[in-house]
Each structure stands twice: as C-alpha cells, then as structure tokens.
Amino acid sequence: MILSKSDDTSVQKCLSFLKEGKIVIIPTDTVYGFSGIVLPGKALDTDAKIKAIKGRSETKPFIQLIARPEDLKKYTDDTIPETLLSYWPGPLTIIVNNKLTKTTTAFRCPGDKWLRDILKELDCPIYSTSVNRSGFPVLDSENEIIKEFEKDVDLIVSDGDKKNALPSTIVSISDGKIKILRQGAVKLQATI
C-alpha cells in the first residue's frame with residue numbers, strides 16, 4: 001500500500017500497521033527508513049523482518065526512534081551531555097548503555113513532528129534503517145523505493161524525493177566519552 005504523508009489518515013494508518021508488527025517505509029527528517037515496532041523477545045518485534053528485506057546478515061543493530069528527548073531516561077542511566085541533547089529533536093543518533101537489554105543501543109528523537117506523533121501514540125520505539133539492500137546505496141527517490149520494495153513491505157508513506165539528504169550523525173557515549181562515529185546532518189566538533 002502506498003500512502004501520501006499529507007493524507008489526513010496517514011498517522012492512523014501508519015500506527016495501525018506498526019501495532020500489527022508490519023514493516024513500513026516512512027520519511028524521516030533525514031532519509032526514508034524501514035521501520036517496525038521494537039518489542040525485543042516478543043512475536044511482534046520486527047528486527048528479523050527488516051534484516052530479511054535488506055538482506056542484512058550481520059548483527060549490526062538498527063537505530064531506535066523515540067518520541068521525546070526525555071524518553072531516553074526509560075532506557076539508560078548514562079548521563080547525556082546537554083550539548084548533545086540540544087540537537088534533539090533532530091538528526092543526531094546517540095549510542096548509550098541500555099539498562100533494559102544490557103547492551104548498547106542507538107537512539108534518535110527525530111525532528112519530524114508527524115513521525116514523533118506516531119511515536120507518542122505507540123509509546124515504544126520503532127526501528128529505523130536506511131532504505132536499500134545491504135551493500136547498496138541508500139535510495140532517495142520515491143519511484144526507486146516503490147519499484148524496489150513495494151512487494152517487500154506492508155506500507156510506503158510517500159513524501160517526495162530526498163535527494164542529497166544526509167543521514168543522522170552518530171555519536172557514542174557508552175564508555176563515558178563522546179565519540180563521533182559518523183558525521184551526518186548535524187556537524188559536530190571532535191572536542192564536544
């Protein structure tokens with residue numbers, strides 16, 4: 001199913017698909033992303049489904065999107081520097097120690113209000129990873145995305161092409177120091 005983000009029903013339809021454990025392609029404030037509900041250890045968790053679509057055999061975990069910056073406190077006891085939190089909502093991903101899973105997890109609070117409205121209603125994170133087959137370039141054209149993945153996902157929410165869009169910047173604070181792992185849409189100095 002293909003639905004325009006501007007459609008009045010897009011938030012509710014996207015919510016419905018996500019709550020059923022289905023895979024959706026949605027626009028973010030950076031690039032389009034494969035998304036699905038995060039429910040580790042439960043049948044509706046979508047991690048394996050997304051990896052199968054991407055052809056991703058490695059164990060690299062996906063970014064998890066949250067609705068509000070303060071939601072991060074549900075998942076970590078790490079102290080997040082205010083300099084980093086000042087970029088949220090926005091295109092910055094922060095890797096922290098997850099107190100629930102006892103692993104590190106990459107979280108992002110996206111700058112897109114439409115997407116945050118979905119996340120608020122779900123009251124749990126959703127996975128987000130770029131729309132491409134593993135090892136291939138990220139797709140930034142609506143038509144390319146539809147052609148390549150329409151049969152693989154349950155819903156595509158269209159919002160125009162994302163030509164030259166940068167992915168989120170990724171930083172890790174899991175060992176108590178700020179490490180920039182990927183410079184993306186937010187330009188950070190190594191000395192933050």
Side-chain angles (χ1 to χ4, degrees), residues 1-15 17-18 22-38 46-47 49-56 58 60-67 69 84 86-95 106-119 122 125-172 180-190 192:
M1 175 179 200
I2 299 166
L3 179 67
S4 173
K5 180 180 172 183
S6 62
D7 187 300
D8 291 344
T9 65
S10 65
V11 168
Q12 288 308 315
K13 284 188 178 164
C14 200
L15 270 169
F17 277 82
L18 288 165
K22 295 184 175 180
I23 306 303
V24 299
I25 292 176
I26 53 178
T28 73
D29 51 341
T30 56
V31 297
Y32 278 92
F34 287 113
S35 288
I37 199 162
V38 177
T46 55
D47 179 78
K49 288 181 186 178
I50 296 171
K51 284 180 179 173
I53 293 168
K54 282 185 72 98
R56 191 170 182 169
E58 73 266 18
K60 193 162 103 176
F62 299 126
I63 292 170
Q64 296 184 24
L65 302 180
I66 55 177
L84 292 180
S86 70
Y87 291 102
W88 274 8
L92 177 69
T93 298
I94 304 172
I95 299 173
F107 288 101
R108 185 160 85 85
C109 179
D112 185 276
K113 182 186 179 313
W114 175 88
L115 183 49
R116 286 197 317 276
D117 286 347
I118 289 170
L119 291 161
L122 281 174
I126 61 173
Y127 294 113
S128 183
T129 182
S130 59
V131 177
N132 61 306
R133 302 281 182 199
S134 192
F136 287 86
V138 175
L139 297 180
D140 57 9
S141 151
E142 266 186 21
N143 289 336
E144 289 175 348
I145 290 168
I146 291 166
K147 183 179 173 188
E148 182 72 21
F149 292 107
E150 184 177 16
K151 291 182 172 70
D152 295 327
V153 298
D154 301 292
L155 174 66
I156 297 174
V157 178
S158 65
D159 188 36
D161 293 346
K162 300 276 187 179
K163 297 289 183 190
N164 303 314
L166 294 173
S168 65
T169 296
I170 300 176
V171 299
S172 173
I180 301 169
L181 304 181
R182 177 178 78 191
Q183 284 282 9
V186 171
K187 297 298 179 212
L188 297 177
Q189 301 297 321
I192 277 192

Rounded to the nearest 0.5 Å, what separates atom [atom1] in [X] from atom [atom2] in [Y]?
X: Asp112; Y: Thr30; atom1: CG; atom2: OG1; value: 9.5 Å
X: Ile180; Y: Lys187; atom1: CD1; atom2: NZ; value: 10.5 Å
X: Leu139; Y: Asp161; atom1: CG; atom2: CG; value: 11.0 Å
X: Ile94; Y: Ile63; atom1: CD1; atom2: CD1; value: 11.5 Å

Practice task
With sequence neighbours left out, write down each residue that passes salt bridge (charged side-chain N to carboxylate O under 4.0 Å, His left out) with Glu148, or none if nothing qualifies.
Solution key: Arg133
Exercise for the section: Using salt bridge (charged side-chain N to carboxylate O under 4.0 Å, His left out) as the criterion, list what pairs up with Lys163, not counting sequence neighbours. Expected result: Asp140
Practice task
Taking the six-membered ring for Trp and the single ring otherwise, decide whether the centroids of Phe34 and Phe62 are under 6.0 Å apart.
Solution key: no
Problem - Pairing of Arg108 and Asp29 as salt bridge, 4.0 angstrom limit - result: yes
Sub-4.5 Å side-chain heavy-atom contact between [X] and [Y]:
X: Ile26; Y: Ile118; value: no
X: Lys51; Y: Ser134; value: no
X: Val24; Y: Val157; value: no
X: Val31; Y: Val131; value: no
X: Glu150; Y: Ile2; value: yes

Problem - Results of side chain to side chain donor-acceptor pair (under 3.5 Å) for Ser4 - residues two or more places apart only - result: Ser6
Handout entry: Side-chain donor-acceptor contact under 3.5 Å, Ser168 with Thr93
Key = yes
Those residues that, when tested against [X], pass side-chain contact (heavy atoms from CB on, under 4.5 Å) (two or more places apart):
X: Lys13; value: Met1, Leu3, Thr9
X: Ser128; value: Thr28, Ser35, Leu65
X: Asp159; value: Lys5, Pro27, Tyr32, Lys162

Please check this pair: side chain of [X] against backbone of [Y], looking for a donor-acceptor N/O pair closer than 3.5 Å.
X: Asp154; Y: Ile23; answer: yes
X: Thr169; Y: Gly184; answer: yes
X: Glu142; Y: Gly160; answer: yes

